[in-house]
> 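Shown below is the structure under consideration.
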Amino acid sequence: MTDPHPEWAACIGRFQLFHDAQLALIREGLALAPRCAVLIGSAFQARSPRNPFTFQERVETIRLALSEAERARVDFLAIRDVFDEQRWVRQVRTAMAKLTGSDRTRVVLVGHRKDPTTEYLHDFPGWALHDIGRQGEIHGKALRAALFGGAWLEASLAAIADQVPASTAEFLRAWAQLPFLHKLREEWAELAQEHDKWAGAPYPPVFVTVDAVVRIADQVLLIRRGRAPGKGLLAMPGGFIEQRETAWQSALRELAEETGFELLPSEMEHALQAMRVFDHPDRSQRGRVITHAFYFDLGARMLPEIAGSDDAAEARWVPIAQLPALEEQFHDDHFHILDAFLGITKDV
């Protein structure tokens, strides 16, 4: 039920390739309330085919599509992916309270309940909900496929011209001159090939992986990925479980293969602090990937020599205090896995 006198409207989304349905959403918010907050998710993710545009670039595409009078009534908030529904809701509520100056501001949440990805619309008791309804058959993933799947920019823009504001097309022409489009198209093609391998499977595939969070004193062991997806990005050592392995055996094997780090199993067992499953459906661009992350704390000791090999182009020890500044360089949800064990962020 919509509040007849809201003070603020809130529109939540990733806005990765801003399109006409999203513009209609924001304008509906402006029609309902004097001011509108646009909360942009995945705000600190590394560039990827799923998240090709930075927070600031997405703000710019939205502002370009609005009139001057509309821009004066819109504020933008950066929302971090945390893959924890309750924590994410607290983050959104805290951001809105800071913006409006109160946690009792009358807010109307504007959106459309289309599928399980929009279940969050029900997670804000106290906020009115205004369902705008379906705004045509426009899907951000299909628009990104047109942009990254085509060989020629103008042909790609022509394919999406009737679904995006003219200002978005002009932004993309300018953005395409930057050194990102070619790399993103390459990664899109590699991901598409990987998805095609499983197209004939009787059921959608679910993959199982492991990751190792290894801490010594105030440093953590990271790799830089040597292959797509996420080539060149930071990650924890890890990979796919082999047929005859336990998750524990797989984690130790991947750790040794990718970094050369290897201790006696008994010593690793003593250092193990926690194991946690990360299974959010959107955590990986590969598809449905469930990972078992092992957190090892080896205390204060000399840092052993390491070297990147196998799928890792580089391995290095990184001070934990430096991790917040590196957030936008991490592959998929790896920063958030580190955050879960190490308590890096203090946003909520």
Side-chain angles (χ1 to χ4, degrees), residues 10-29 36 38-66 74 76-81 83 88 92 109-121 131-150 153 155-176 180-181 183-185 187-189 191-192 195 229-230 280-288 332-333:
C11 301
I12 304 174
R14 291 191 309 117
F15 303 99
Q16 285 290 6
L17 213 166
F18 188 61
H19 53 71
D20 289 338
Q22 293 168 337
L23 178 58
L25 185 79
I26 295 170
R27 285 185 165 152
E28 185 72 8
C36 180
V38 178
L39 296 97
I40 298 180
S42 303
F44 304 101
Q45 294 297 105
R47 287 191 197 273
S48 68
R50 186 171 187 268
N51 293 291
F53 308 109
T54 66
F55 168 75
Q56 208 55 51
E57 288 167 348
R58 285 174 277 169
V59 168
E60 184 64 14
T61 59
I62 296 170
R63 286 178 57 82
L64 287 170
L66 300 173
V74 174
F76 298 92
L77 297 173
I79 301 298
R80 170 179 283 111
D81 284 349
F83 300 98
W88 180 83
V92 170
L109 182 58
V110 186
H112 172 52
R113 292 168 289 193
K114 59 180 181 179
D115 57 36
T117 66
T118 53
E119 287 297 314
Y120 68 85
L121 292 170
D131 192 328
I132 192 175
R134 184 176 292 278
Q135 301 293 305
E137 294 297 327
I138 304 177
H139 302 282
K141 183 177 181 179
L143 296 177
R144 293 191 298 277
L147 178 63
F148 298 131
L153 177 63
S156 297
L157 293 178
I160 65 175
D162 62 343
Q163 300 179 71
V164 302
S167 57
T168 294
E170 287 305 311
F171 170 86
L172 291 172
R173 286 190 177 91
W175 179 84
F180 309 119
L181 181 59
K183 181 180 177 182
L184 289 170
R185 278 181 166 167
E187 187 153 323
W188 179 277
L191 284 167
H195 294 160
H280 192 283
D282 296 324
R283 63 169 300 271
S284 173
Q285 295 180 83
R286 274 196 167 105
R288 191 72 170 97
D332 283 344
D333 67 342

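FYI, side chains are in, hydrogens and waters are out, and symmetry mates aren't considered; it's all heavy atoms of this structure.
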> Just wondering, do Pro52 and Phe180 contact through their side chains at under 4.5 Å, heavy atoms?
no
> Are side-chain heavy atoms of Phe53 and Thr61 found at a separation under 4.5 Å?
no
> When you measure from the side chain of Tyr120 to the backbone of Trp88, do you find a donor-acceptor pair of N or O atoms at a distance under 3.5 Å?
no
> Taking all non-hydrogen atoms of both residues, which atom of Pro229 and which atom of Leu191 are closest, and how far apart?
CB-CD2, 3.9 Å
> Within the 4.5 Å heavy-atom criterion, are Phe15 and Val59 side-chain neighbours or not?
no
> Rounded to the nearest 0.5 Å, how far does CZ of Phe44 lie from OG1 of Thr54?
11.0 Å
> Mind running side-chain contact (heavy atoms from CB on, under 4.5 Å) on Leu172 and Leu181 for me, showing each step along the way?
CA-CA 10 Å; Leu172 291 172; Leu181 181 59; over 6 Å; no
> Test side-chain contact (heavy atoms from CB on, under 4.5 Å) on Asp333 and His280; report intermediate values, then the result.
CA-CA 10 Å; Asp333 67 342; His280 192 283; over 6 Å; no
> Measure the spacing between CZ of Arg58 and CG of Asn51 and express it to the nearest 0.5 Å.
6.0 Å
> With a 3.5 Å distance limit and no angle check, can you tell me whether His195 reaches the backbone of Arg286 through a side-chain donor-acceptor pair?
yes
> Grab the two heavy atoms, one from Val164 and one from Asp20, that are nearest each other, plus how far apart they are.
C-OD1, 3.2 Å
> Would you indicate whether the side-chain heavy atoms of Arg144 and Pro49 approach each other to under 4.5 Å?
no
> Got a second to check how far Ile132's CD1 is from Gln22's CD, nearest 0.5 Å?
11.0 Å
> Apply side-chain contact (heavy atoms from CB on, under 4.5 Å) to Asp282 and Asp81, showing your working.
CA-CA 10 Å; Asp282 296 324; Asp81 284 349; over 6 Å; no
> What is the minimum heavy-atom distance between Ala78 and Ala43, and which atoms define it?
CB-CB, 3.6 Å
> Can you give me the closest heavy-atom contact between Arg14 and Arg50, atom names plus distance?
NH1-O, 3.0 Å
> Should Asp332 and Gln285 count as side-chain neighbours, where that means a heavy-atom distance under 4.5 Å?
yes
> Would you say Cys11 and Leu39 make side-chain contact, with heavy atoms under 4.5 Å?
no
> Working to the nearest 0.5 angstrom, can you tell me the gap between Leu64 CG and Leu23 CG?
11.5 Å
> Would you please classify the geometry between the Trp188 ring and the Phe148 ring as parallel, tilted or perpendicular, with 30° and 60° separating the classes?
tilted
> Which pair of heavy atoms, one from Leu153 and one from Ala176, lies closest together, and at what distance?
CD2-CB, 3.5 Å
> Looking at Arg27 and Leu66, would you say the former's side chain and the latter's main chain have a donor-acceptor pair under 3.5 Å?
no
> Does Thr168 reach the main-chain N or O of Phe18 with its side chain, forming a donor-acceptor pair under 3.5 Å?
yes
> Search all heavy atoms of Ile160 against all heavy atoms of Ala146 and return the closest pair with its distance.
CG2-CB, 3.6 Å
> Could you tell me whether the side chain of Leu121 reaches within less than 4.5 Å of the side chain of Asp131, counting heavy atoms only?
no
> Find out whether Val74 and Ile62 are in side-chain contact, i.e. whether some heavy atom of one side chain is under 4.5 Å from a heavy atom of the other.
no
> Donor-acceptor check, side chain of Glu187 to backbone of Gly230, threshold 3.5 angstrom: yes or no?
yes
> The test is side-chain contact (heavy atoms from CB on, under 4.5 Å); show your working for Glu57 and Arg47 and say whether it passes.
CA-CA 11 Å; Glu57 288 167 348; Arg47 287 191 197 273; 2.9 Å; yes
> For Leu157, is there any backbone N or O sitting under 3.5 Å from a side-chain donor or acceptor partner on Arg173?
no
